[in-house]
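Below is one structure, written out as structure tokens; the observations come after it.
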Amino acid sequence: MPLDAVPQMRVGDQDAPRGESLPVVVVLDTLRSAYNTGNIFRLADAVNARAIYACGYTPCPPHEKLAKTAMGCDAMVPCRHFPRAADAIRELKAEGYAVYGVDTVVGAQCYWEAHLRFPAAFVLGNEALGISPEALALCDAFLQLPACGRKNSINVGNCAGVILFEALKQHRLQDDTNFQETSE
């Protein structure tokens, strides 16, 4: 293959203006790891999510370890701190958000079978303990990632990536459908 036929890598950040934000808020319920939290900031920026709500002892900006994995996204993605995830969820519900707990609870729907409603909030729980019982009780529905191995879950940052890109896909498909219906 000739050298000039190799696809060229994009270098640096995109300078293009960002479009309308994805109507999604990520609620982090007492995450322990600043590195996981920083990773989720990068993911939230990648899909142009509206905000991250860091609850309990979840690390929030400014935070040295979070900044290391966020690579600048901690300054780009709006973040609010709440003492408890339940406080954040109550506020989001009052604003009309559908609140989805992403957890391994019995009866949770596989994420790819769910029809998401927007605006949406996704609650992601502590790496060892999951979502707090008080926050679980306030969720409108539950989503899960199927686990076919011996463990019943994956890293919270990886889980956030799957859920956020599914939300982006579904929101774009819903927008396309709405556009087609109104333009006919």
Side-chain angles (χ1 to χ4, degrees), residues 13-14 17-104 111 114 116-132 134-136 138-145 153-172:
D13 295 330
Q14 296 177 345
R18 309 244 356 192
E20 188 176 322
S21 68
L22 178 66
V24 164
V25 172
V26 181
V27 178
L28 303 178
D29 187 3
T30 62
L31 266 60
R32 296 178 304 182
S33 169
Y35 297 120
N36 280 337
T37 305
N39 179 43
I40 294 168
F41 269 89
R42 293 221 27 217
L43 291 162
D45 175 66
V47 299
N48 202 17
R50 284 188 181 158
I52 290 177
Y53 289 1
C55 306
Y57 53 74
T58 301
C60 15
H63 189 287
E64 184 179 333
K65 290 179 182 176
L66 185 156
K68 186 174 183 174
T69 51
M71 296 183 66
C73 295
D74 50 328
M76 294 185 272
V77 177
C79 180
R80 290 182 58 194
H81 179 264
F82 289 82
R84 298 173 309 142
D87 300 329
I89 293 168
R90 284 187 190 96
E91 182 174 304
L92 289 161
K93 288 179 89 149
E95 294 174 8
Y97 280 77
V99 178
Y100 298 95
V102 184
D103 205 303
T104 60
Y111 78 91
L116 300 176
R117 186 174 66 76
F118 295 95
F122 297 101
V123 183
L124 299 164
N126 176 280
E127 293 89 342
L129 306 172
I131 299 171
S132 64
E134 186 182 16
L136 278 173
L138 294 170
C139 292
D140 297 314
F142 298 98
L143 305 174
Q144 69 166 327
L145 279 66
S153 67
I154 62 172
N155 173 276
V156 67
N158 295 333
C159 181
V162 171
I163 293 298
L164 288 172
F165 278 95
E166 177 68 17
L168 178 63
K169 179 187 90 175
Q170 287 198 29
H171 187 260
R172 285 187 172 176

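- To the nearest 0.5 angstrom, K169 atom NZ is 9.5 Å from L116 atom CG.
- Considering only residues two or more places apart in sequence or on other chains, K93 meets the side chain to side chain donor-acceptor pair (under 3.5 Å) condition with D140.
- Contact of the R84 side chain with the R90 side chain is registered, since non-hydrogen atoms from C-beta on lie closer than 4.5 Å.
- Under the ring pair (Phe, Tyr, Trp, His ring centres under 6.0 Å) criterion, F118 pairs with H171, not counting sequence neighbours.
- Within the structure, side chain to side chain donor-acceptor pair (under 3.5 Å) pairs that include any residue of residues 31-43 comprise N36-E127, N36-N155 (at least two apart or interchain).
- Distance check: D87 CG to C55 SG gives 8.0 Å after rounding to the nearest 0.5 Å.
- The side chain to side chain donor-acceptor pair (under 3.5 Å) search around Q170 returns E166, not counting sequence neighbours.
- For the side chain to side chain contact (heavy atoms under 4.5 Å, CB included) test, residues two or more places apart in sequence or in another chain that qualify with C159 are V102, L124, L145, I154, I163.
- The side chain to side chain contact (heavy atoms under 4.5 Å, CB included) check on A141 picks up Y100, with sequence neighbours excluded.
- For residues 37-56, the set of pairs meeting the ring-ring contact (aromatic ring centres under 6.0 Å, His included) definition, not counting sequence neighbours, comprises Y53-F82.
- Residues that satisfy the side chain to side chain donor-acceptor pair (under 3.5 Å) test with N158, not counting sequence neighbours, are absent from this structure.
- Listed by chain and number, the residues in a side chain to side chain donor-acceptor pair (under 3.5 Å) with S132 are D29 (sequence neighbours excluded).
- The minimum heavy-atom distance linking V27 with A85 is given by the pair CG1-CB, 4.3 Å.
- Remark: A67 pairs with D74 by the side chain to side chain contact (heavy atoms under 4.5 Å, CB included) rule, at least two apart or across chains.
- In plain terms, the two heavy atoms of I52 and A44 that are nearest each other are CD1-CB, 3.9 Å.
- For residues 54-67, every residue pair satisfying the side chain to side chain donor-acceptor pair (under 3.5 Å) rule, not counting sequence neighbours, is listed here: Y57-N126.
- Judged as a side chain to side chain contact (heavy atoms under 4.5 Å, CB included), and not counting sequence neighbours, the contacts of T104 are N152, S153.
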Practice prompt. List the steps and the verdict of side chain to side chain contact (heavy atoms under 4.5 Å, CB included) for C139 and V123.
Written response: CA-CA 8 Å; C139 292; V123 183; 4.2 Å; yes
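- The two atoms that bring A114 and L143 nearest to each other are CB-CD2, 3.5 Å, heavy atoms only.
- Looking only at side-chain heavy atoms (C-beta outward), V24 and P119 stay at 4.5 Å or farther from each other.
- When all heavy atoms of G157 and I40 are compared, the pair lying nearest together is CA-CG1, 4.0 Å.
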### Derivation and outcome, side chain to side chain contact (heavy atoms under 4.5 Å, CB included), residues V156 and L28
CA-CA 10 Å; V156 67; L28 303 178; 5.6 Å; no
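- A pairwise comparison of heavy atoms in G56 and H81 identifies O-NE2, 2.8 Å as the closest pair.
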Original post:
Does the pair L138 and V99 meet the rule for a side chain to side chain contact (heavy atoms under 4.5 Å, CB included), with working shown?
Top reply: CA-CA 8 Å; L138 294 170; V99 178; over 6 Å; no
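- Remark: E20 does not engage R50 in a salt bridge, criterion side-chain N to carboxylate O under 4.0 Å.
- Between A121 and L92, the shortest heavy-atom distance links the atoms CB-CD1, 3.7 Å.
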